[in-house]
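All chains are named by letter (A, B, ...) in the order of the sequence lines, taking the proteins before the strands, and each is independently numbered beginning at 1.
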Number of protein chains: 2
Amino acid sequence: MKKTSNKKNKIPEPTILRLSAYRRALQDYKEQSAAKFVSSRQLGELANRNASIVRKDLSYFGEYGMPSKGYEIDHLLDQIVNIMNVKQQHAVALVGVGNLGKALLGYPGFKKQGFSIEVAFDNNAIKIGKKIQEIKVRNLKDLPLEVAKREIKISFITVPAVAAQEVANLLVEAGMRAIINFTPARIWVPPKVILRHVDLTRELEVVSYYLGK
Amino acid sequence: MKKTSNKKNKIPEPTILRLSAYRRALQDYKEQSAAKFVSSRQLGELANRNASIVRKDLSYFGEYGMPSKGYEIDHLLDQIVNIMNVKQQHAVALVGVGNLGKALLGYPGFKKQGFSIEVAFDNNAIKIGKKIQEIKVRNLKDLPLEVAKREIKISFITVPAVAAQEVANLLVEAGMRAIINFTPARIWVPPKVILRHVDLTRELEVVSYYLGK
DNA sequence: AGCTGTGAAGTCATTCACAGCC
DNA sequence: GGCTGTGAATGACTTCACAGCT
């Protein structure tokens with residue numbers, strides 16, 4: 001038998017995305033069913049994928065299945081949790097308490113998936129000191145101290161687009177290791193920092209395109 | 001010269017996504033520069049892509065460029081706007097005025113890109129009748145009438161996950177042509193309805209994975 | 001000389017199909 | 001008999017490289 005996780009092989013990003021879908025599907029499934037095992041076909045159905053890709057995705061990381069039985073659900077969940085590095089909660093900082101920032105502060109889905117927004121910043125004096133959903137809004141100037149104190153590695157940028165780059169610089173300066181940019185602005189960070197982009201209008205535009213066909 | 005848009009050739013979805021990025025990049029660029037033309041290389045830089053893919057993407061739809069000059073910015077913008085079918089604003093209905101729903105109602109980015117949330121629904125008596133950002137919250141029961149009256153074709157689902165499928169059914173029944181699901185729930189709609197999914201924790205999970213490497 | 005448009009080549013991801021195991 | 005794990009085959013998307021136009 002092989003000696004588990006081949007860290008050498010590069011994992012396709014789509015695989016990572018599906019892995020998180022499998023995790024959710026399994027969590028839901030566990031609540032609805034008493035089954036101990038799930039086959040690649042079943043899991044595929046739960047996550048809207050075909051069985052082959054499920055097996056291939058999982059096989060990048062190890063041999064978790066048993067011939068003729070499938071995958072033991074609890075074990076597989078543990079493995080995926082490990083792979084995705086969500087065994088413990090991740091603390092997140094949020095910069096920009098406008099409409100979107102407030103919404104993300106109030107969105108329960110993050111915590112459920114293992115991410116908790118621990119601190120929020122703004123530079124608007126009227127907002128500073130207020131509490132949104134139990135989280136006190138702090139002065140942007142205190143960002144370096146706060147994130148150092150709390151060892152926060154991940155930040156959301158939810159400021160207006162024009163300020164996005166400036167905030168990103170601040171975050172990098174403060175030692176942030178990953179940034180998720182919710183603004184439409186394109187920003188640059190040094191390669192050691194993981195940068196991802198959430199674009200809320202993306203799917204709308206795709207829809208618009210297909211409606212025109 | 002060829003006779004423009006080859007509707008037969010299937011367009012890769014990544015192309016559609018990039019097209020919307022090109023549009024934004026061009027809009028921004030227009031505001032900052034007096035240039036009349038842009039080359040595929042320049043546009044690529046603006047949108048973080050390489051020149052080849054820019055040319056390839058545009059070539060699916062026609063021959064918009066001029067040898068040795070590049071693409072005329074205004075003309076290219078018009079063409080992309082046509083392709084993406086965003087010449088006129090699209091009306092959008094929103095179902096579920098919780099945290100996320102409220103945020104989307106207050107998010108100015110949609111209107112800027114040609115989408116305007118025209119009507120919002122909830123089934124919570126306390127919320128019905130209230131106004132959020134100029135939009136009156138209506139009784140979910142009135143959805144069929146309202147969307148018919150306003151000829152709305154696109155809806156956001158921002159209800160709690162457990163109610164997502166039920167709302168989707170309602171929307172399909174009411175003749176909606178496209179649905180954007182902001183809940184983590186996986187939902188089913190008939191194939192004639194365009195279904196897209198926005199998952200706010202997706203990028204967080206990807207980040208978590210890479211932080212663990 | 002500079003830049004587009006596009007076949008051809010190359011790269012990456014998914015699906016097939018089947019040997020091996022329970 | 002049923003299901004995994006995985007090379008091989010296929011398919012999708014991107015990049016290369018260059019002919020042709022201005």
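Along DNA chain C, the nucleotide nearest to K56(A) and the one nearest to S52(B) differ in position, and the one closer to the 5' end is contacted by S52(B).
A donor atom on one side chain and an acceptor atom on the other are found under 3.5 Å apart for T201(A) and D199(A). Under the 3.5 Å distance criterion, with hydrogens and angles disregarded, a donor-acceptor pair is assigned to the side chains of D57(A) and Y22(A). Donor-acceptor pairing under 3.5 Å is recorded for the side chains of Q165(A) and N169(A).
Look at CZ on F61(B): it is 18 Å from P on dT4(C), rounded to the nearest Å. Look at CZ on R49(A): it is 9 Å from P on dT15(C), rounded to the nearest Å. As rounded to whole Å, 15 Å separates atom C1' of dT14(D) from atom CD1 of I11(B). Note: NZ (K36(B)) to C1' (dC3(C)) measures 20 Å, nearest angstrom. The interatomic distance linking N50(B) (CG) with dT4(C) (C1') rounds to 15 Å, in whole Å. D57(A) places its CG atom 13 Å from the C1' atom of dT6(D), with the value rounded to the nearest Å. Distance K10(A) NZ to dT14(C) P: 12 Å, rounded to the nearest Å. Taking atom CD1 of I53(A) as the reference point, atom P of dC12(C) lies 16 Å away to the nearest angstrom.
Looking at heavy atoms from C-beta onward, R177(B) lies out of side-chain contact with V193(B) at the 4.5 angstrom threshold.
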Would you tabulate the nitrogen or oxygen pairs shorter than 3.5 Å linking the protein to nucleotides 1-4 of chain D?
{"unit_1": "dC3(D)", "atom_1": "O4'", "unit_2": "S68(A)", "atom_2": "N", "d": "3.0"}
{"unit_1": "dT4(D)", "atom_1": "OP1", "unit_2": "S40(A)", "atom_2": "N", "d": "2.7"}
{"unit_1": "dT4(D)", "atom_1": "OP2", "unit_2": "S40(A)", "atom_2": "OG", "d": "2.8"}

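In this structure, R202(A) places its CZ atom where only 12 or fewer heavy-atom neighbours from other residues, nucleotides or ligands lie under 6.0 Å away.
Within the 4.0 angstrom heavy-atom criterion, only backbone atoms of the sugar-phosphate kind lie near R18(A); the bases stay farther away.
For H197(B), there are no ring-ring contact (aromatic ring centres under 6.0 Å, His included) partners two or more places apart in sequence or in a different chain.
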